[in-house]
Amino acid sequence: WRFGKRCGVCRVISWRLLGCVIALGDGMAADSEIEDASVRDVFTQHGLRCTRQRVALYQALQGNHSHPTAEELYKQVQLGAGSMSRATVYNTLNLFVEKALLRELHLSPDSVVFDPNMDRHHHLIDEDSGRIFDVPWGDVGVCNVSRIAGYEVSDYQVVMRGRKKK
């Protein structure tokens with residue numbers, strides 16, 4: 001793209017600065033830029049209008065395995081997409097959660113992180129680094145969930161904490 005090209009996703013004038021649409025941070029795959037038609041299709045399937053801000057935030061989340069906070073995402077999209085208010089970031093993240101494009105995780109009392117991996121999985125928190133890792137569903141067995149008195153359990157996840165073995 002050159003300055004002034006009309007974006008095929010959100011139909012607004014967009015531009016690239018030094019060849020980058022989104023600045024890639026830690027945990028981002030280098031090939032995380034999404035095809036316009038792909039984003040448009042995902043948004044259409046989930047009943048979302050395409051806007052520049054939604055596309056930028058969606059792209060920042062794709063391939064991101066770091067389980068970022070809203071503040072981290074806000075800083076990341078500011079680098080790549082230009083001016084976007086905190087309120088827009090928070091509102092868009094809440095909308096993505098509501099539309100099942102994203103999970104909101106409360107893994108510690110003082111922090112909310114977001115996970116674009118919508119497949120069933122568990123989490124491991126490294127107690128030394130604070131990093132959060134996805135653990136495949138089948139790698140952890142939980143017994144007797146169906147026997148919890150008075151409840152029909154619809155979903156569960158295991159959050160483990162640990163340190164690397166030395």
One should read off an interatomic distance between Leu102 CG and Asp115 CG, to the nearest 0.5 angstrom, of 7.5 Å
For the CZ atom on Arg161, are there more than 12 heavy atoms of other groups (residues, nucleotides or ligands in this structure) within a distance under 6.0 Å?
yes
Note: Lys99 and His46 closest approach over all heavy atoms is O-CD2, 2.9 Å
Output for pair (Leu79 CG, Lys75 NZ), nearest 0.5 Å, gives 10.0 Å
Scanning both residues in full, the closest heavy-atom pair of Val89 with Ala70 reads CG1-O, 3.9 Å
So CG of Asn117 and CG of Asn64: to nearest 0.5 Å the spacing works out to 11.5 Å
When rounded to the nearest 0.5 Å, the distance separating CG of Leu101 from OG1 of Thr92 is 11.5 Å
d(Leu93 CG, Thr69 OG1) to nearest 0.5 Å is 9.5 Å
Practice prompt. Step through the shown structure and confirm whether more than 12 heavy atoms of other residues, nucleotides or ligands are within 6.0 Å of OH on Tyr156.
Written response: yes
Exercise. Passes side-chain contact (heavy atoms from CB on, under 4.5 Å), Asp126 versus Phe133? Steps please.
Worked result: CA-CA 8 Å; Asp126 183 310; Phe133 297 94; 4.0 Å; yes
- Task: Would you check if there is a donor-acceptor pair between the side chains of Asp134 and His67 at a distance under 3.5 Å?
- Result: yes
Note: Pro136 and His122 closest approach over all heavy atoms is O-CD2, 4.0 Å
key: Same cluster (ILVMFWY, side-chain, under 4.5 Å), Val158 and Val153   = yes
Quiz item: Just by modelled atom types, is the Ser66 backbone N or O under 3.5 Å from a matching donor or acceptor in the Arg131 side chain?
Solution: no
For Arg147, the side-chain contact (heavy atoms from CB on, under 4.5 Å) test, sequence neighbours excluded, returns Asn144
inquiry  = Do Val140 and Ile125 land in one hydrophobic cluster if side-chain heavy atoms of ILVMFWY residues count as linked below 4.5 Å?
reply    = no
Could you see if Val112 belongs to whatever hydrophobic cluster contains Leu73? Use Ile, Leu, Val, Met, Phe, Trp, Tyr and a side-chain cutoff under 4.5 Å. yes
Taking NZ, NE, NH1 and NH2 as the nitrogens, is one of them in Glu127 or Arg163 under 4.0 Å from a carboxylate oxygen of the other?
-> yes
Item checked: CA sep, side-chain torsions, deciding dist, call: Glu104, Phe114, side-chain contact (heavy atoms from CB on, under 4.5 Å) -> CA-CA 5 Å; Glu104 178 181 82; Phe114 295 91; 4.0 Å; yes
| Can you get from Val135 to Val113 by hopping between Ile, Leu, Val, Met, Phe, Trp and Tyr side chains that sit under 4.5 Å apart? | no
Item to check | Main-chain N/O of Arg49 paired with Arg54 side-chain donor or acceptor, under 3.5 Å | outcome: yes
| message | Let's go through Val77 and Gln53 carefully: what are the C-alpha distance in whole Å and the side-chain angles of both, what is the deciding distance for side-chain contact (heavy atoms from CB on, under 4.5 Å) to 0.1 Å, and is it a yes or a no? | response | CA-CA 9 Å; Val77 296; Gln53 293 90 348; over 6 Å; no
Ring centres under 6.0 Å, that's the criterion: do Phe43 and Tyr58 meet it? yes
Of all heavy-atom pairs linking Trp137 and Arg120, the shortest is CZ2-NH2, 2.8 Å
To the nearest 0.5 Å, atom NE2 of His123 lies from atom CG of Leu107 at 6.5 Å
Residues Ala100 and Met118: closest non-hydrogen pair is O-CE, 3.4 Å
Common cluster, Leu61/Met84, ILVMFWY with side-chain heavy-atom separation under 4.5 Å = yes
